[in-house]
S.K.: 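Take this structure, written in structure tokens, and hold onto it; I'll ask about it next.
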Amino acid sequence: MEKDLASKGTDRHEVGRDKFIDLVWEWREKYGGLIVNQLKRLGCSCDWSRERFTMDDGLSKAVKEVFVRLYEEGLIYRGDYIINWCPRCHTALADLEVEHRETDSYFYYIRYPFQHGGGHLVIATTRPETLLGDTAVAVNPEDERYKELSDAYVLLPVLKKPIPVIFDRYVDTGFGTGVLKITPAHDPNDFEIGNVHKLERIKVIDEDGRMNELAGPYKGMDRFECREKILEDLESDGLLEKTESYQHAVGHCYRCKTMIEPLLSKQWFVKVGPLAEEASRAVREGKTTIYPSNWEGVYFEWMNNIRDWCVSRQIWWGHRIPAWYCQECGEVHVAKEKPLACSTCQSNDLVQETDVLDTWFSSALWPFSTLGWPDKTDELKTFYPTSVLITGFDILFFWVARMMMMGIHFMGDIPFRHVYIHALVRDSEGKKMSKSKGNVIDPLEVMDKFGTDAFRFTLAALAAQGRDVKLSEERISGYRHFVNKIWNAARLVLMNLDHDENAAKEDRIYTLPDRWILSRLGQVSEDISQAIEDYRFNEAAGLCYQFVWHEFCDWYLEMAKQGLYGKDKAMKESSRAIVQEVLMASLKLLHPFMPYVTEEIWQKLPGAEGSIMIAGFPEASEFIRDEDAIREMDLLMGLITGIRNIRGEMNIPPSRKISIAIDVMDGKESGVLRNNMAHIQNLANVKDVSIDSGIPKPEASATAVFGQNQVHVLLKGLLDFAEERKRLRKEITKLEKDIGISNKKLSNKGFLEKAPAEIVVEVKEKVNALSLKLEKLNQNLRFFEAIRD
RNA sequence: GGGCGGAUAGCUCAGUGGGAGAGCAUCGGCCUUACAAGCCGAGGGUCGCAGGUUCAAAUCCUGUUCCGCCUACCA
């Protein structure tokens, strides 16, 4: 707002307080909805009727209530303190609002001559202009160099004023010269030391960052201008011993980046110690859990080192502090409403404090002020404490910590059970987005370009705990393909549905692929639910992706075509019903990540009642669980993949149908393959199949091993024997390596004795299976070596 | 100064004690009747470096280098 005024060549002082506040409200009407619109566009299903703004009436009431109560409890006080002052914004800032930046500067070594007896002390400082406000110099009482200085005085350079040498353990003997100048009115540490030693506080810099009348000859100069001048004067007096370049962190205003001036000032403070202790304990005792847990450490660290919170701001926009000053006797009255008269002198001349409260003060009350507190409302009873707060780490201190303090203090209970610290979205370079850097990604633009579903899914898929998100368009575009895949799969299903009659549950004929996909659906539903409950959104999204694309689309739908396109009416109806069931469940699993496309498809499906938003999330118990089906499908898929490998590696075009001979040992497995012959022919593009136990290997054939069986692909006239030998050797080498690793374990006595039994069994079984496969591959290789071409 | 996180395939990243994974990119083959924004197949990694614990380490511990972030009153 202030920037806007500046661009029109004016400022808030010219506009005036009332008009300024009106303007800010207008501004807020216009732009305040921006984030809400983004959320709506993202499809966030919030209860929008509960939208609140901290300046709303109800919330103002809560702010006054809290302020007065804390004041009465002695947890709010008004006092002199060194605050962080922004000379441009003309306001105090909380410690949190100060940004420290490494700055190239200089260390000036300045001589402070002794008042009596000649000689001088050398003091190193980065801020020579503040020496005008020095009221002492300090040394460490342990420092041998300065032991003799008790009761000594030095003359302040330029002003030639005597100031005492004091002893304080705070001084670091190893830093600089071991002598510290004390400026209680312009440095927080000096302020503390000044209190201990009862030193005078001389303020030499004013609220504009200019030197005031106490700065003598420098009066009216800007602080930086004064620095230059004073250095010149020191130089000419022979008091500047040397200058070293030096780098240190300097505080800047988070809003306007102006260098902060630590200034002595009367401000309102919250005594946070007792509040922080409670808030800290709530997390320590597990009443509130922070995810991921490493943020708990950060939270404790901050809580343990907290200083009082300066809450007054010398700006016009915000909750005006409910304090009134008696113009007659100076008495301070803190109350929710203006008192009729001063309780001390009965004067009616009371003027309200012009300072407003830090915006985070009202934000800290959010979890209960938005629910009607201080009134005892039903909403409070129902919703407090809330289940989860989701937010970014950058406001863990600003907001989360303070909500914890206020919530526990005023409600007697934590404000939320879980705090989920989400990943921060950065640009593709990994830089934090900021308006000044111009690398801000506008979510609305992204959604225009790629669609909301792709955007949402991308965010979820990238949101691994404890890690920030580098958002790039390629990635979003990749997931847009997934949305498209879902749409196309749905098209296939919709095209084949009979909108009038689908098989009732009892009439269904469950094929192997049916039993398999339903079993997998059950497992995956359970895994996805668990992942979401644990805030592992990337895993949940990954599970959806893998299941829908690589199991449902790649295998199941392809196999389901047998039934859907077949002539058998009963089969067809059953197939339609099951395909639809699986699609509907998949849509429900996807819905949290892709609200729009899932709803769109859902509405087109016969039998879907109402919105998918209110459909129940799939549960494992809804689906049949058939472990045999999973094993049998593995066998079938292994066979098909084996044939495809050979086709691919031998460059056999799909137009060429091939013949195969399957050598299957187990009778049951043989039955499974025979029952699913159509799938094998279709998905591996096979014409003739012979299947038997111990079937001889045809001469011109390539072989793949699957499970404990093998399949020979007849390649008469197509087989390059040298190529096949190469292929087999490659696979044999890989197998031998794997077997070698496992055998090494099994020949290790320590492993057999100490490893858990089930692991040992697992390794043994693995060696057996691999050895069997290796033997078959070797047979095949020998076969080709014998018939060298 | 203190703390946290990262370093794994060309790129972006999952994976916290028992067979190195995904997406994208690359290469080869396919317009196969839902989908070329697709299908089928392939190649590719000393898991930053050095030690240690363990039968077993990408995973646990110690040290170290580089990168990022948070925090801090050594003037």
Side-chain angles (χ1 to χ4, degrees), chain A residues 82 95-96 100 107 123-127 130 138 170-172 174-183 187-193 246 248-249 251 262 292 294-295 297-298 301-302 305 307 393-394 396-397 424 426 428 430-432 461-462 464 466-472 474-475 477-496 536 538-539 542 545-546 550 553-554 557-558 561 565 640-641 644-655 682-685 738 741-742 744-745 748-756 758-760 762-763 766 770:
Chain A
I82 297 283
D95 294 337
L96 270 180
H100 288 90
F107 226 1
I123 290 165
T125 181
T126 54
R127 299 203 58 195
T130 62
Y170 171 79
V171 182
D172 182 347
F175 192 84
T177 60
V179 189
L180 177 61
K181 65 196 264 317
I182 305 295
T183 324
D187 183 284
N189 304 313
D190 294 5
F191 177 79
E192 299 288 345
I193 295 170
Y246 184 68
H248 65 142
N294 55 305
W295 289 107
V298 178
E301 182 67 19
W302 190 71
N305 298 313
R307 294 203 300 175
F393 77 88
D394 43 352
L396 182 63
F397 306 141
L424 203 68
R426 297 172 182 275
S428 57
K431 295 206 179 72
K432 194 170 167 175
L462 296 182
R467 188 154 188 151
D468 286 343
V469 170
K470 271 194 239 180
L471 194 63
S472 70
E474 293 85 69
R475 206 64 199 256
S477 156
Y479 285 116
R480 179 171 57 174
H481 296 172
F482 181 43
V483 181
N484 197 47
K485 185 75 182 177
I486 293 163
W487 178 253
N488 280 312
R491 274 184 58 206
L492 170 70
V493 176
L494 285 163
M495 279 166 58
N496 284 286
R536 290 176 288 120
N538 61 320
E539 284 184 36
Y545 187 95
Q546 159 66 28
H550 297 303
C553 291
D554 287 352
L557 284 182
E558 290 305 325
K561 285 174 183 173
Y565 294 163
I640 293 167
T641 302
R644 283 172 171 177
N645 283 350
I646 291 172
R647 292 194 75 114
E649 291 192 36
M650 295 294 159
N651 276 329
I652 299 166
S655 55
N682 190 31
L683 297 185
N685 207 11
D738 282 356
I741 292 169
S742 296
K744 204 175 144 194
K745 283 185 181 175
N748 182 339
K749 234 175 93 186
F751 175 75
L752 295 174
E753 282 167 7
K754 296 189 181 176
E758 66 269 23
I759 298 288
V760 176
E762 210 173 277
V763 174
K766 181 182 158 190
L770 292 182

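What you see is a predicted model; the values in this text were computed from it and never measured. Residue numbers begin at 1 in each chain, while the letters A, B, ... track the order of the sequences. What you see below is based on every heavy atom in this structure, not just the backbone, and it leaves out hydrogens, waters and symmetry mates.
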S.K.: Tell me what A/E558 touches on the nucleic acid: a base, only sugar-phosphate, or nothing, going by heavy atoms under 4.0 Å.
M.R.: base
S.K.: Mind calculating the distance between CG (A/N305) and C1' (B/U71) to the nearest angstrom?
M.R.: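 My rounded result for the distance is 9 Å.
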S.K.: Among B/C4, B/C55, B/G29, which nucleotide has an atom closest to any side-chain atom of A/A755?
M.R.: B/C55
S.K.: Over how many whole Å does the gap from A/D468 atom CG to B/C70 atom P extend?
M.R.: 10 Å
S.K.: Write down the distance between CZ (A/R467) and P (B/G5), rounded to a whole number of angstrom.
M.R.: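 The answer, rounded to whole Å, is 12 Å.
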S.K.: May I ask you to evaluate whether A/R307 reaches the phosphate of B/C73, defined as a side-chain N or O under 4.0 Å from OP1 or OP2?
M.R.: yes
S.K.: Look at A/R475 and B/G23 and indicate whether a side-chain polar atom (N or O) is within less than 4.0 Å of OP1 or OP2.
M.R.: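 Negative; the distance criterion is not met.
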S.K.: With distance as the sole criterion, do the side chain of A/E301 and the base of B/A72 form a donor-acceptor contact below 3.5 Å?
M.R.: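 No, the side chain and the base share no sub-3.5 Å donor-acceptor pair.
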S.K.: Of the nucleotides B/A34, B/C70, B/U12, which one has an atom closest to the side chain of A/F397?
M.R.: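 The nucleotide sitting nearest to the side chain is B/C70.
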S.K.: Can you check the distance between B/G18 and B/C66, where both ends of the measurement are the C1' atom (answer in whole Å)?
M.R.: 32 Å
S.K.: Paired with B/C27: which nucleotide, if any, by Watson-Crick or G-U wobble criteria at under 3.5 Å for both distances?
M.R.: B/G41
S.K.: In whole angstrom, give me the gap between the P atoms of B/G28 and B/A56.
M.R.: 45 Å
S.K.: What does A/E474 touch in the nucleic acid at a heavy-atom separation under 4.0 angstrom: a base, only the sugar-phosphate, or nothing?
M.R.: nothing
S.K.: In a table with atom names and distances, give each donor-acceptor pair under 3.5 Å that connects a side chain of residues 484-492 of chain A to protein atoms at least two apart or in another chain.
M.R.:
unit_1, atom_1, unit_2, atom_2, d
A/N488, OD1, A/R491, NH1, 3.3
A/N488, ND2, A/N484, O, 3.2

S.K.: Scan A/D172 against the nucleic acid and name what it touches under 4.0 Å (heavy atoms): base, sugar-phosphate only, or nothing.
M.R.: base
S.K.: What contact category does A/P756 fall into here, base, sugar-phosphate, or nothing, at under 4.0 angstrom with non-hydrogen atoms?
M.R.: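 Base: the residue A/P756, judged by heavy atoms under 4.0 Å, touches a nucleobase.
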S.K.: Let's see if you can work this out: which of B/C4, B/C40, B/G28 has an atom nearest to the side-chain heavy atoms of A/N651?
M.R.: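 Ranking B/C4, B/C40, B/G28 by closest atom to the A/N651 side chain puts B/G28 first.
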S.K.: Give a yes/no on whether any side-chain N or O of A/K754 is located under 4.0 angstrom from OP1 or OP2 of B/U54.
M.R.: no
S.K.: Base, sugar-phosphate or nothing for A/V493? Non-hydrogen atoms, less than 4.0 Å.
M.R.: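 Nothing: the residue A/V493, judged by heavy atoms under 4.0 Å, touches no strand.
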S.K.: What does B/A50 pair with, Watson-Crick or G-U, if both distances are under 3.5 Å?
M.R.: B/U62
S.K.: Could you say whether A/F482 or A/A249 is positioned toward the 5' end of RNA chain B, judged by the nucleotide with the nearest heavy atom to each?
M.R.: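 Nearest-nucleotide comparison on RNA chain B picks A/F482.
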S.K.: I want to confirm an ordering. Mapping A/D554 and A/K766 to their closest nucleotides on RNA chain B, which one lands closer to the 5' end?
M.R.: A/K766
S.K.: State which of B/G41, B/A34, B/G18 makes the closest approach to the side chain of A/A489.
M.R.: B/A34
S.K.: Considering only heavy atoms from C-beta outward, does the side chain of A/R644 approach that of A/L683 to under 4.5 Å?
M.R.: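 A side-chain contact under 4.5 Å exists here.
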S.K.: Does some side-chain heavy atom of A/F107 sit less than 4.5 Å from a side-chain heavy atom of A/T126?
M.R.: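 Touching, per the 4.5 Å side-chain cut-off.
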S.K.: Rounding to the closest angstrom, what is the interatomic distance between B/C61 and B/U12 at atom P?
M.R.: 27 Å
S.K.: If you measure from the P atom in B/G23 to the same atom in B/A34, how many Å do you get, rounded?
M.R.: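 Per the computed distance, 24 Å lies between those P atoms.
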S.K.: Does the side chain of A/I759 reach to within under 4.5 Å of the side chain of A/F751, using non-hydrogen atoms?
M.R.: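 SC-SC contact between A/I759 and A/F751 confirmed.
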S.K.: Below the 4.0 Å mark, does B/U71 have OP1 or OP2 next to a side-chain nitrogen or oxygen of A/H100?
M.R.: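 Checking B/U71 against A/H100, no side-chain N or O comes under 4.0 Å of OP1 or OP2.
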S.K.: Is a donor from one side chain sitting under 3.5 angstrom from an acceptor on the other, for A/T183 and A/K181?
M.R.: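 Yes, a side-chain donor-acceptor pair sits under 3.5 Å.
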S.K.: Within the structure shown, what part of the strands sits under 4.0 Å from A/N484 by heavy-atom distance: base, sugar-phosphate, or nothing?
M.R.: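 Since a base atom lies under 4.0 Å of A/N484, the category is base.
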S.K.: Could you work out which one of B/U33, B/C35, B/G38 sits closest to the side chain of A/Y565?
M.R.: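 Side chain of A/Y565 sits closest to B/U33.
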S.K.: Among the candidates B/G28, B/C69, B/G18, find the nucleotide nearest to the side-chain atoms of A/F751.
M.R.: B/G18
S.K.: Out of B/C13, B/C35, B/A14, which has the shortest distance to the side chain of A/K470?
M.R.: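 That would be B/C13.
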S.K.: Given the P atoms of B/A7 and B/C49, what is the spacing between them in whole Å?
M.R.: 13 Å
S.K.: Determine whether a donor-acceptor pair (one donor, one acceptor, N or O, separation below 3.5 Å) exists between the side chain of A/Y170 and the base of B/C73.
M.R.: yes
S.K.: Is A/L396 close to A/V298 at the side-chain level, that is, under 4.5 Å between some pair of heavy atoms?
M.R.: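 Sidechains of A/L396 and A/V298: in contact.
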S.K.: Short question: side chain of A/R647, backbone of A/P653 - any donor-acceptor pair under 3.5 Å?
M.R.: yes
S.K.: Does B/G21 have OP1 or OP2 sitting under 4.0 Å from an N or O in the side chain of A/Y545?
M.R.: no
S.K.: So, is A/H550 near the phosphate of B/C40, with a side-chain N or O under 4.0 Å from OP1 or OP2?
M.R.: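 Checking A/H550 against B/C40: no side-chain N or O falls below 4.0 Å of OP1 or OP2.
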S.K.: With a 4.5 Å heavy-atom cut-off, do A/W302 and A/L96 have their side chains touching?
M.R.: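 Touching, per the 4.5 Å side-chain cut-off.
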S.K.: Are the side chains of A/I82 and A/N189 in touch, meaning some heavy atoms are under 4.5 Å apart?
M.R.: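 A side-chain contact under 4.5 Å is absent here.
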S.K.: For B/A37, does either OP1 or OP2 sit under 4.0 Å from a side-chain N or O belonging to A/Y479?
M.R.: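 No.
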S.K.: Look at A/K485 and B/C39 and indicate whether a side-chain polar atom (N or O) is within less than 4.0 Å of OP1 or OP2.
M.R.: yes
S.K.: Between the base of B/C73 and the side chain of A/N189, is there any donor-acceptor pair under 3.5 Å?
M.R.: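 Pair found.
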S.K.: Can you check the distance between B/C13 and B/G1, where both ends of the measurement are the C1' atom (answer in whole Å)?
M.R.: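 To the nearest whole Å, 33 Å.
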S.K.: Would you indicate which nucleotide in B/G5, B/A34, B/A37 comes nearest to any side-chain atom of A/H481?
M.R.: B/A37
S.K.: Say you pick atom P in B/U62 and the same atom in B/C24; how far apart are they, in whole Å?
M.R.: 39 Å
S.K.: Nearest whole Å is fine: how far is B/A56 P from A/K749 NZ?
M.R.: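 Going from A/K749 (NZ) to B/A56 (P), I get 15 Å.
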S.K.: Suppose you measure atom P in B/U33 against the same atom in B/C40; what distance do you get, rounded to whole Å?
M.R.: 14 Å
S.K.: Taking only side-chain nitrogens and oxygens of A/N748, does any of them come within less than 4.0 Å of OP1 or OP2 of B/A56?
M.R.: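 Looking at the OP1 and OP2 atoms of B/A56, neither is under 4.0 Å from any side-chain N or O of A/N748.
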S.K.: Quick one: look up who B/G1 pairs with, Watson-Crick or G-U, both distances under 3.5 Å, and put none if it's unpaired.
M.R.: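 When the pairing criteria are applied, B/U71 turns out to be the nucleotide that pairs with B/G1.
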S.K.: Closest approach to the side chain of A/K561, judged atom by atom: which nucleotide of B/A37, B/C74, B/A34 is it?
M.R.: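 In terms of side-chain proximity for A/K561, the closest of B/A37, B/C74, B/A34 is B/A34.
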S.K.: Quick one: is A/K745 getting a side-chain N or O under 4.0 Å of the B/G19 phosphate, OP1 or OP2?
M.R.: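 Indeed, a polar side-chain atom of A/K745 lies that close.
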S.K.: Which listed nucleotide (B/A75, B/A14, B/U71) is nearest to the side chain of A/Y246?
M.R.: B/A75
